[in-house]
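Working notes, beginning with the structure itself.
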2 protein chains.
Amino acid sequence: MPKNPRDDKPLDPIDLALVRLLEQDGRMSNAMLAREVGIAESTCLVRVRSLRERGVVRGIHADIDPVAVGRPVEAMIAVRFGGHRRSHFEQFTEEVPALPGVLGAFHVSGAIDYYVHVACPSADALRDFVLDHLTNRPGVLHAETSLIFESQRGRGTMTRPEDLLGPSA
Amino acid sequence: MPKNPRDDKPLDPIDLALVRLLEQDGRMSNAMLAREVGIAESTCLVRVRSLRERGVVRGIHADIDPVAVGRPVEAMIAVRFGGHRRSHFEQFTEEVPALPGVLGAFHVSGAIDYYVHVACPSADALRDFVLDHLTNRPGVLHAETSLIFESQRGRGTMTRPEDLLGPSA
DNA sequence: AGTGAAATCGCTTTAGC
DNA sequence: GCTAAAGCGATTTCACT
């Protein structure tokens, strides 16, 4: 996907500032971003485009209240696999994140193999989701569902404090 | 926060279409949104503003690649509480989501009380995070860390298939 | 690489219907 | 809620440092 071979050159403090701003408000205009970080708008345009092309910014998405769109029942489902046939797992990781209501999907180490974060229209729909899409799937040993009482996005930043001002120079 | 008493009136198919578009591309312009859903730009502006005011759209945020910003170690941490002193728990749910690197935090039912999704600069930093911010906290009994091999955002939509076209009429 | 200014483009917003 | 139009602000290009 990345076209530029130098995809891995590290982000400078201005890039990180842009990341932080877009994390907080993904609709901030190029002009305002430029003002905030203290560079020209033209430069800012190039930098933001580059951040997207390099995959630093993977996307900009609205955060939707599940309750408002008829999915008041949120759950975290811990899935255990058996056999670990690679093809089963690959199919799983391909299909599950694309199901409606799925907010996140995590392949993890340890006693649990996979977590699915989902929002459903009802408890019945949640049960059906687990049975139809998780339990009833080759390779799945067990799925344990935890209802989510409260779900919070991270409010902090992904940028590291130690990167914010010139570390070495 | 919501100013309008009729905050709860259900979303019509056009609102849901707007939600779906902004889920996919949070930077889509008002003009393009209007075109896509087939309403006037002025109307679209009012609707989108209303979706934000009603809290249907909670925010629009850049999705950042943790690796690119120096946080290559992702983990899901399962926390168990003891005593369940309300004040401890409230402090926890207030502070943890604001810590740097925290992507999500979930208060759940069942054997586990809380899940924290975090991205850290290193395994050492992850250990420190768990010890400093989770284990070493009043009320926390246990924290079990699962490394995340692969993390995926939901690629589907939060809108419900049954809402997309007139359900009753 | 980054800048600043200019020109184009398109968006937001306000009327009136 | 729509149309139309105006005004404004944005993005983008380009010559230059």
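Atoms considered below: every heavy atom in the structure, side chains included; atoms not considered: hydrogens, waters and symmetry mates. A note on names: the letters A, B, ... follow the listed sequences, proteins ahead of strands, and every chain is numbered from 1.
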Separation of [X] atom [atom1] from [N] atom [atom2], in whole Å?
| X | N | atom1 | atom2 | result |
| --- | --- | --- | --- | --- |
| B:L45 | D:dC2 | CG | P | 13 Å |
| A:D12 | C:dA1 | CG | P | 12 Å |
| A:L11 | C:dA1 | CG | P | 16 Å |
| A:E36 | D:dA10 | CD | C1' | 16 Å |
| A:E41 | D:dT12 | CD | C1' | 10 Å |
| A:N30 | D:dT11 | CG | P | 5 Å |
| A:D15 | C:dA1 | CG | P | 13 Å |
| A:I39 | C:dG4 | CD1 | C1' | 13 Å |

Exercise for the section: Kindly state whether the ring of A:F92 and the ring of A:Y114 have centres lying under 6.0 angstrom apart. Expected result: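 They qualify: ring centres under 6.0 Å apart.
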Exercise for the section: Run the ring-centre check on A:F106 versus B:H117 and record whether the distance is less than 6.0 Å. Expected result: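 Judged by ring-centre distance (under 6.0 Å), A:F106 and B:H117 do meet the cut-off.
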Practice task
Count the heavy atoms of every other residue, nucleotide or ligand shown that sit under 6.0 Å from CD of A:E144, and state whether that count exceeds 12.
Solution key: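 No, because the 6.0 Å sphere around CD of A:E144 holds 12 heavy atoms or fewer from other groups.
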Exercise for the section: For A:R49, answer base if it contacts any base atom (sugar-phosphate contacts may also be present), sugar-phosphate if it contacts only those atoms, and nothing otherwise; contact means non-hydrogen atoms under 4.0 Å. Expected result: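 No contact at all - A:R49 keeps every heavy atom at 4.0 Å or more from the nucleic acid.
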Problem - Sugar-phosphate only, base, or nothing, as touched by A:T43 at under 4.0 Å among non-hydrogen atoms - result: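 Here A:T43 touches the bases of the nucleic acid.
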Practice task
Could you tell me whether the phosphate oxygens of D:dG1, OP1 or OP2, come under 4.0 Å of any side-chain nitrogen or oxygen in B:R47?
Solution key: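 For B:R47, the contact criterion (side-chain N or O under 4.0 Å from OP1 or OP2 of D:dG1) is met.
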Handout entry: Watson-Crick or G-U counterpart of C:dA1, or none if no pair lies under 3.5 Å
Key =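 Looking at the geometry, C:dA1 pairs with no nucleotide.
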Handout entry: Base-pairing mate for D:dT17 - Watson-Crick or G-U, with both contacts under 3.5 Å
Key =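 The base-pairing partner of D:dT17, which may sit in any strand shown, does not exist here.
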Practice task
Inspect the contact between A:R20 and A:D25 and indicate whether a charged nitrogen and a carboxylate oxygen are less than 4.0 angstrom apart.
Solution key: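 Between A:R20 and A:D25 there is no salt bridge, as every charged N stays at least 4.0 Å from the carboxylate O atoms.
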Exercise for the section: Could you walk me through whether A:R71 and A:D65 pass salt bridge (Lys or Arg N to Asp or Glu O under 4.0 Å), step by step? Expected result: CA-CA 9 Å; A:R71 294 182 178 274; A:D65 178 8; over 6 Å; no
Problem - First encountered from the 5' end of DNA chain C, between A:A40 and A:R27 - result: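 It is A:A40 whose nearest nucleotide is closer to the 5' end.
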Practice task
Check if the side chain of A:S42 and the base of C:dG4 share a donor-acceptor pair of N or O atoms closer than 3.5 Å.
Solution key: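 Side chain to base: pair found, below 3.5 Å.
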